[in-house]
Amino acid sequence: MAYLPYITSVLVTLIVYRLFTNWAHLRQAPGPFLASLTDLWRAWYQYNGKLRGELLKLHQQHGPIVRYGVRSISISDPSVVNVVYGSRAGFTTADSYNVLIGISNGKEVASLVSTNDEARHGALRRSVAGAFTQTNVMDYEPHVHESILELLELLSRKSTMDLAQIMLYYTMDSAARFAFAEPLGCLASGTDVGGSIQTIRDRFNHWGWWSSIPALERLVYRNPIALRSKRALSSMAATAVKKLQDRASKPQATGQTPDLLTRFLESSRANPDVLDKTGIIGMLMSTISGAGDTTATTVNASLYWLMKHPDALARLRQELMDAQIDRPVPQYNQVSKLLYLNAVIKESMRLFPTAVWPIERRVPEGGATIAGVQFPEGTSVGCLVIALHLNPSVFGQDAQQFRPERWLTEDADMLKKMEQAHMGFSRGRRVCLGQHIAVLQIKKVIPALVMGFEISLVDPHAELKADFSPAVACLEPLMVKVQRRR
Ligand code: HEM
């Protein structure tokens, strides 16, 4: 007992020393004092879905560099995009990605997204890249087409509905179709079949809630006891395993619409050391998970702003009529190059990007100078996509407004500047692998919907809202009225 005051003072000294070194680490960067002492500050805001909004405010207050954690820096300056994400820059993913690493049979199994081993990431990505090129994704168009027909059929039976939910059913069914040629059945049943959507959202929640404190996540979920606990396969993973087993013994016949599974099996035969069976299941899961909420949110955002801006909707419909697109669903080659459609989608992604917090990268050995500030090795730096997208120095004083026409400017320099600041699909080595499939899905479904239906908000003042606590923005319900157009 006599030692108690002594032990207490040693502990207090150690804590004060730790807090001081935390603060001193990046003291050159402005930000909330609490955030410089402990990562619990950012964890709290992220858990409550408020980090994104708080960082936006901090950027307005302090400028392009803001500190939001002991070693975390948020950036809103588009000129640094290439410094951080450029292919040769040497930045790797930050520790926040570690909480996404899966656990299988008591071992950690990193996926394409969660691995911080850049050599492995590069090899894995190269091995499957052929399945995602602009030309090759055209092979999957029949899968997407079929899902849109099913969506339209469902809509024609409704008068009011939650657009956010129905669109997620479309993107998930479509993703399962182009992944392994079978829909999840969400559109057919009007439900989240087998809880697949919830399983994915649980993963996004886990990533979001623990991203700020990965060391604590490791202690709780990756200790030897937790690692050994049995985990049931999700219904979607079980379907993917079954499909893989079936396909290994009975490959797709000539004439069948190819899917990602066929392409991954081809890649696996060519690169068995890089992509094994577990890797194929991982890739299928990563693509379906990455394809659902992201694509649905972009379609919803586009439709929302078109509902709010009848002039833009009229202009889009005119463009689609002039192009004489097929009804009820256009062929991709009829819509892929339509300028106004493209501008509407770009503008919607600009105003409602799906990445929630800065896309974090780790400063490599030797440190780096970013926006004129020197940061030591190990600092996590990342562009906050929404801050970049609302930057008035790039997008002008009306940066907060939905104005697709800004993407039709004849000022080539201006256009280049805006393109460089657009990070909806991220940038660099880890740029969205599925972006061409996403664009295919979006550019086919929006014309089908706006030509086939009058869609209007049940509450004309309704706002587009999302939960920003998971890693990917998850839309809140958006009630709309639908009526077939003649
Ligand atoms: C509008 C829809 C989409 C948006 C906005 C979007 C956005 C993004 C972003 C921002 C990243 C980078 C994440 C990071 O570095 O932390 C990413 C990565 C990725 N996306 Fe997408 N995505 C979309 C659709 C899709 C689709 C349809 C697929 C699959 C077919 C897909 C598959 C992937 C994969 C596999 C990665 C990881 C790439 C890598 O690490 O090398 N995404 N996406």
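The structure presented is a predicted model; accordingly, all values stated were derived computationally and were not measured. Counting convention: from 1, in listed order, for ligands and their atoms alike.
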For [Y], does its backbone N or O pair with a side-chain atom of [X] as donor and acceptor, under 3.5 Å?
X: D192; Y: S196; value: yes
X: E141; Y: Q331; value: no
X: T287; Y: L284; value: yes
X: N136; Y: G130; value: yes

Legend entry - Pairing residues for L149 by the side-chain contact (heavy atoms from CB on, under 4.5 Å) criterion, not counting sequence neighbours: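 Scan of L149 (side-chain contact (heavy atoms from CB on, under 4.5 Å), adjacent residues dropped) gives H145, P328, V329.
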
Legend entry - A129: side-chain contact (heavy atoms from CB on, under 4.5 Å) partners, not counting sequence neighbours: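 side-chain contact (heavy atoms from CB on, under 4.5 Å) list for A129, sorted by chain: empty.
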
Inset, instruction - Report the protein N/O/S neighbours of atom 21 (Fe) of ligand 1 that fall below 2.8 Å; do not count waters. - result: C432 SG

Legend entry - Under the ring-ring contact (aromatic ring centres under 6.0 Å, His included) test, residues paired with H422 that sit two or more places apart: H389, W407

Legend entry - Ligand-side contact atoms (ligand 1) for residue partner Y97, heavy atom cut-off under 4.0 Å: 14 (C), 15 (O), 16 (O)

Legend entry - Winner among G424, G292, A473, S286 once heavy atoms are compared against atom 7 (C) of ligand 1: G424

To the nearest 0.1 Å, how far is [atom] from its closest protein heavy atom, and which atom is that?
atom: atom 1 (C) of ligand 1; value: T298 OG1, 3.3 Å
atom: atom 37 (C) of ligand 1; value: V113 CG2, 3.6 Å
atom: atom 29 (C) of ligand 1; value: T287 O, 3.6 Å

Inset, instruction - Could you tell me whether ligand 1 has any atom less than 4.0 Å away from a heavy atom of R361? - result: yes

